[in-house]
Each structure stands twice: as C-alpha cells, then as structure tokens.
> 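This is the structure I have questions about; it appears just below.
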Amino acid sequence: MILDGRTIAQEIYADISARISQLWDKPKLGAILLGNSSESLRYIGQKRKFAQKIWMDFELSHFPENIGEEELLSHIQQLNQDKSISGYIVQLPLPDHIDSQKIIRAIDPKKDVDGFHPENQGKVLIWDASGFLPCTPAGVMKIFEHYNISLAGKRICILGQSNIAGKPMAQLCINAGATVTSCNSLTPDISVYTQHSDIIISATGVPHLITPEKLWKKTILIDIGFSVKNGEIFGDIDTLWALSAGHDVTPVPGWVGPMTVAMLLSNTLTAHEKRS
Ligand code: GUN
C-alpha cells in the first residue's frame, strides 16, 4: 500500500486555511536563500506556492552566495525584530564560508519554524511540546497517526543521522515508545538491523539503498531519501519493487515532501498565533 502523504497534506492545509480565515491579519513566512542552487530554488518554490495557496504571505530574502557571515547575521537580527514576519527559515545547505550552526543559533527560537535551533531540538529530546518540531520528522509522525500505526513496542531502524531528519526522527520514535536503531554510513552491515525491523525510515540520499535481501518480512518503509542521478530523481527505496513485494511505502518523489511543507506552514501559523 502507498502511504499517501499528499492526501494528508491536503487535510492539514484545509485545517490551516480554516484557522487563517478566522484571523484579522495573515501570517507571513520568511525565507533566506543564498545563491541559486536548483535544488534550493525548487524547495523554496514549493514553500512559496503552498503558502500562497492557503493565503499565507511569503517573503524571500535572496542573497548572493558570497554574502559575508556578518551581513547574514545582521539580516537575521532584522527578521527576529520584524513583527510582520511570523516565522522564517534559512534554506540549507549554506556555502562553506558560513558557519551553519552559528546562523541557526541566531534565529529567534520562537520564529524558528524549521525547528532547527538547539532550543527546539532540545525540546524534542525532553519531549516538551512547546517547541517547534523539525518538519520532515513531524510529517512522518503525522503519516503514522493518519494510518493508526502505533509505534509503541515496534522495532524501528533509522538510516541517516542528520540534525534535521535522522536524529530528531529517532528521538520522536523513542518518545512514542519504539525500540530504535540509528544507523549511519559506518554501520558495518545495515541488514542486521533492517531485516528484523517493523518500520524502516531511510534518510540517506543513497539511491535504492534498500534492496530485497535487506528485508525479511512485511515492513513499513518511509523514504525520506532524495537524490538526482542523470536528471532522474531517486529515493532510498525502489517503490515499484517494494509495493510488488507487499510492503507499505511512501514513494519518492512527492509523498513525504508535501508533508514537510505542510508541517512548515503549520508551524508558521502556530508561531503567528503565539506571537507576543
Ligand atoms: N534543506 C533541505 N531540507 C531543508 C529543510 O527542511 N529546511 C531548510 N531550511 N533547508 C533544507
């Protein structure tokens, strides 16, 4: 079965639109983009498109790739102070001459709708619901919720340990009572863990990493991987094979991605509703 993030995202948008229609002022999502990487432009385009569909304002601050760190930090301070901006994101990755962690720490945690600031990441760790959840892991949790997939007592294998996907994903699964294995590119043989898992969440960007011998039973496969080879988009899982083998799967492209954007806009509305 396909786990259909697209339909769930539509339900989230319907809820957000209804809440926005009750407001006298519209929320506004800000975005900072450096340079013109086609992938970042595509992500930003999606965020703008869906924000506009639900009557949320969107403001892009687009800088050349060689902007200095100080100038970027000073723009971040402006966005922190700007009362018309409900929340904002800094599109990653940033160029090498910029210290990404320094930039993320400069974002006001109350406007950090990506959920990347250490304060928000820490709240995931201690299970404090007052923070913003990182959007992709939050979207995956919504998919589980929608399909009544309880994580309590499940064996979950997470592939990839990034701060924005794999690590918070592992923590959310732990919070939900799962037994979690977190693998990285140094794990000697991921099959040892994947074969016994009830659920695999893969966020590596290695095309079709999950092959038939890595699965011994019917498994729920959540694919957060994204890679482009010779102009073709790949997930970490070959969807057609996975479906024909009877697994439940989120295909790439297009099934988890919409949930990430929906959760970002949901966080932005929450930031707007809580603004001081
Ligand atoms: N780059 C890849 N994914 C993301 C995301 O979810 N947020 C931001 N800010 N940058 C990204």
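Just so it is clear, the structure is predicted and the values come from calculations on it, not from any experiment. All ligand and atom numbering here is 1-based and tracks the order in the structure. Reckoned from all heavy atoms, side chains included, excluding hydrogens, waters and symmetry mates.
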> For atom 5 (C) of ligand 1, which candidate among Y88, F116, Y43 provides the closest heavy atom?
F116
> Determine, for D82 against K28, whether the closest basic-nitrogen to carboxylate-oxygen distance falls under 4.0 angstrom.
no
> Can you confirm whether R275 sits close enough to D25 that some side-chain heavy atom of one is under 4.5 Å from a side-chain heavy atom of the other?
yes
> If you measure only the distance, is there a donor-acceptor pair under 3.5 Å linking the side chains of T268 and S86?
no
> Return the residue, atom name and 0.1 Å-rounded distance of the protein heavy atom closest to atom 11 (C) of ligand 1.
Q91 NE2, 3.3 Å
> To which protein heavy atom is atom 3 (N) of ligand 1 closest, and what is the distance rounded to 0.1 Å?
I164 CD1, 4.1 Å
> Would you say K47 and F58 make side-chain contact, with heavy atoms under 4.5 Å?
yes
> Which of the numbered atoms in ligand 1 are below 4.0 angstrom from a heavy atom of V90?
8 (C), 9 (N)
> Answer yes if the side chains of E213 and T211 hold a donor-acceptor pair under 3.5 Å, and no otherwise.
yes
> For atom 10 (N) of ligand 1, what's the nearest protein heavy-atom neighbour? Residue, atom name and distance, please.
L92 N, 3.0 Å
> Could you tell me whether the side chain of I220 reaches within less than 4.5 Å of the side chain of I200, counting heavy atoms only?
no
> How does D114 reach ligand 1, by side chain, by backbone, by both or by neither, if only non-hydrogen atoms under 4.0 Å count?
side chain
> Taking a cutoff of less than 4.0 Å between a non-hydrogen atom of the residue and any ligand atom, is T136 in contact with ligand 1?
no
